[in-house]
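Some notes on the structure that comes next.
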Amino acid sequence: LEGLIADKSYEILAVVTQPDRKVGRKKELRMTPVKELAIKYELRVFQPEKLSGSLELEELKGLNADGIVTAAFGQFLPMSLINSVNFAINVHASLLPKYRGGAPIHYAIMNGEKEAGITIMEMVQKMDAGDMISKASIPISDEDNVGTMFEKLAIVGRDLLLKTLPDYLAGHLIPEKQDESQATFSPNITSEQELLDWTRSSRDLFNQIRGMYPWPVAYTLLNGERFKVYKAHMSEGTGHAGEIIEKTKRSLVVACGQGALSLELVQPSGKPKLIITDFLNGHGRSLEVGDILGK
């Protein structure tokens, strides 16, 4: 949005974003960052809970806009809205046809992909299945997580959009159909997917933890209670799956199906997030080598 605002080629008639939500432990009502930016630039803002069938939909169609650009909006646009404009394009955070759906960055990291990217495509009624206009990719490193990739891809998406729009609107770019046989999906993460399965390899669990940080966060069980794992790194060692195989004042190493993980940032049930040294000096003092996580 900020990129489009800064480019004087475009006039932003309205911004559509999700309704304000209550977040955090204190359940404070917060605006989306998109809304905050729109207010800063005195742009008209629409926040329908569901766009289809809403009063806002009719108002949007009445704006007589030339086109629509969406990015991570989280709702299908009604075809009546798409058909009311000359163009409707989506900035999607994957290299389509891979990872259609709402969590493409999460799955790219969890599945151990070496790169992620942006595809700008035409919008159709089927989810993320429109013809592709342009693409750009960047590498995923072991230091990356969902948060860092989200920030990087936001910049990639902005730059690709501003580069693509003039040629697309001038008819110089011919959209390419997606190969349906290569399509994969990235539905929103379920609570079951957040649970760490210690029988898997340390690489798989390392990817899972990064692929869920900073949200929704992977977890295991400690004494029957949820124990969140925000950060960890791969380590050496063998033992039963979930077994603590090393405990010092500075480290807690857990055996996996293959290899081990050294935990870095954790959160016991009902406690704040703790770096591992603080956890071991407090709540984790009673843990011993041989104890099992996941039960």
Side-chain angles (χ1 to χ4, degrees), residues 1-18 30-47 60 63 65-75 77 81-82 85-109 113-123 127-128 130-141 143-176 178 186 214-215:
L1 176 58
E2 201 158 27
L4 288 169
I5 291 169
D7 191 324
K8 301 307 178 185
S9 303
Y10 311 106
E11 178 189 0
I12 310 299
L13 299 182
V15 174
V16 186
T17 185
Q18 294 290 325
R30 287 189 193 169
M31 297 182 286
T32 66
V34 169
K35 182 181 178 180
E36 291 177 357
L37 188 68
I39 290 172
K40 175 183 174 182
Y41 287 97
E42 299 181 341
L43 297 172
R44 192 173 178 187
V45 179
F46 293 84
Q47 294 179 275
L60 287 167
L63 294 175
D66 293 312
I68 297 168
V69 176
T70 65
F73 179 52
Q75 294 185 37
L77 295 197
L81 179 60
I82 293 174
V85 295
N86 296 329
F87 70 92
I89 61 174
N90 181 38
V91 183
H92 183 70
S94 84
L95 298 170
L96 290 171
K98 266 191 172 182
Y99 302 126
R100 296 176 180 178
I105 302 174
H106 295 76
Y107 283 86
I109 296 174
E113 299 286 359
K114 300 301 183 185
E115 64 177 2
I118 296 289
T119 304
I120 296 180
M121 62 175 175
E122 295 180 325
M123 274 191 271
M127 182 177 64
D128 300 329
D131 293 352
M132 303 176 294
I133 304 166
S134 60
K135 286 184 180 181
S137 65
I138 55 173
I140 301 174
S141 76
E143 286 70 44
D144 280 314
N145 54 53
V146 169
T148 62
M149 289 306 297
F150 191 92
E151 294 298 326
K152 291 177 183 179
L153 288 171
I155 302 301
V156 173
R158 176 199 68 191
D159 294 347
L160 184 63
L161 176 67
L162 296 176
K163 179 183 176 182
T164 298
L165 264 175
D167 286 341
Y168 174 66
L169 297 177
H172 298 153
L173 293 176
I174 307 302
E176 174 189 353
Q178 296 187 40
S186 57
W215 73 92

Quick check for you: to the nearest 0.5 Å, what is the distance between [X] atom [atom1] and [Y] atom [atom2]?
X	Y	atom1	atom2	result
L1	E36	CG	CD	12.0 Å
L81	I68	CG	CD1	3.5 Å
F150	D144	CZ	CG	14.0 Å
N145	I109	CG	CD1	6.0 Å
D66	N86	CG	CG	5.5 Å
Y107	E113	OH	CD	13.0 Å

What are the two closest heavy atoms between [X] and [Y], and how far apart are they?
X	Y	value
L160	A136	CD2-N, 3.8 Å
I118	A93	CD1-CA, 3.8 Å
A88	I82	CB-CG2, 4.0 Å
Q178	G130	NE2-O, 2.8 Å
H92	Y99	NE2-O, 2.9 Å
M127	G101	SD-CA, 3.7 Å

Side chain of [X], backbone of [Y]: donor and acceptor closer than 3.5 Å?
X	Y	answer
H172	P166	no
N90	M123	no
K135	L96	yes
T119	S94	yes
S134	T164	no
Q18	F73	yes
Q47	M31	no
S137	A116	no

Problem set entry | Test side-chain contact (heavy atoms from CB on, under 4.5 Å) applied to W215 and H106, step by step | CA-CA 9 Å; W215 73 92; H106 295 76; 3.4 Å; yes
Problem set entry | Derivation and outcome, side-chain contact (heavy atoms from CB on, under 4.5 Å), residues M149 and I140 | CA-CA 8 Å; M149 289 306 297; I140 301 174; 3.8 Å; yes
Are any of the side-chain heavy atoms of [X] and [Y] separated by less than 4.5 Å?
X	Y	value
L4	L162	yes
R158	V91	no
D128	M121	yes
L165	I89	yes

Problem set entry | Partners meeting salt bridge (Lys or Arg N to Asp or Glu O under 4.0 Å) with K35 (sequence neighbours left out) |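 Applying salt bridge (Lys or Arg N to Asp or Glu O under 4.0 Å) to K35 gives D20.
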Take a 6.0 Å sphere around [atom1] of [X] and say whether it holds more than 12 heavy atoms from other residues, nucleotides or ligands.
X	atom1	answer
Q75	CD	yes
Y10	OH	yes
E2	CD	no

For this session: Decide side-chain contact (heavy atoms from CB on, under 4.5 Å) for I5 and L43; before the verdict, give the C-alpha distance in whole Å, the side-chain angles of both, and the deciding distance to 0.1 Å.
Result: CA-CA 10 Å; I5 291 169; L43 297 172; 3.8 Å; yes
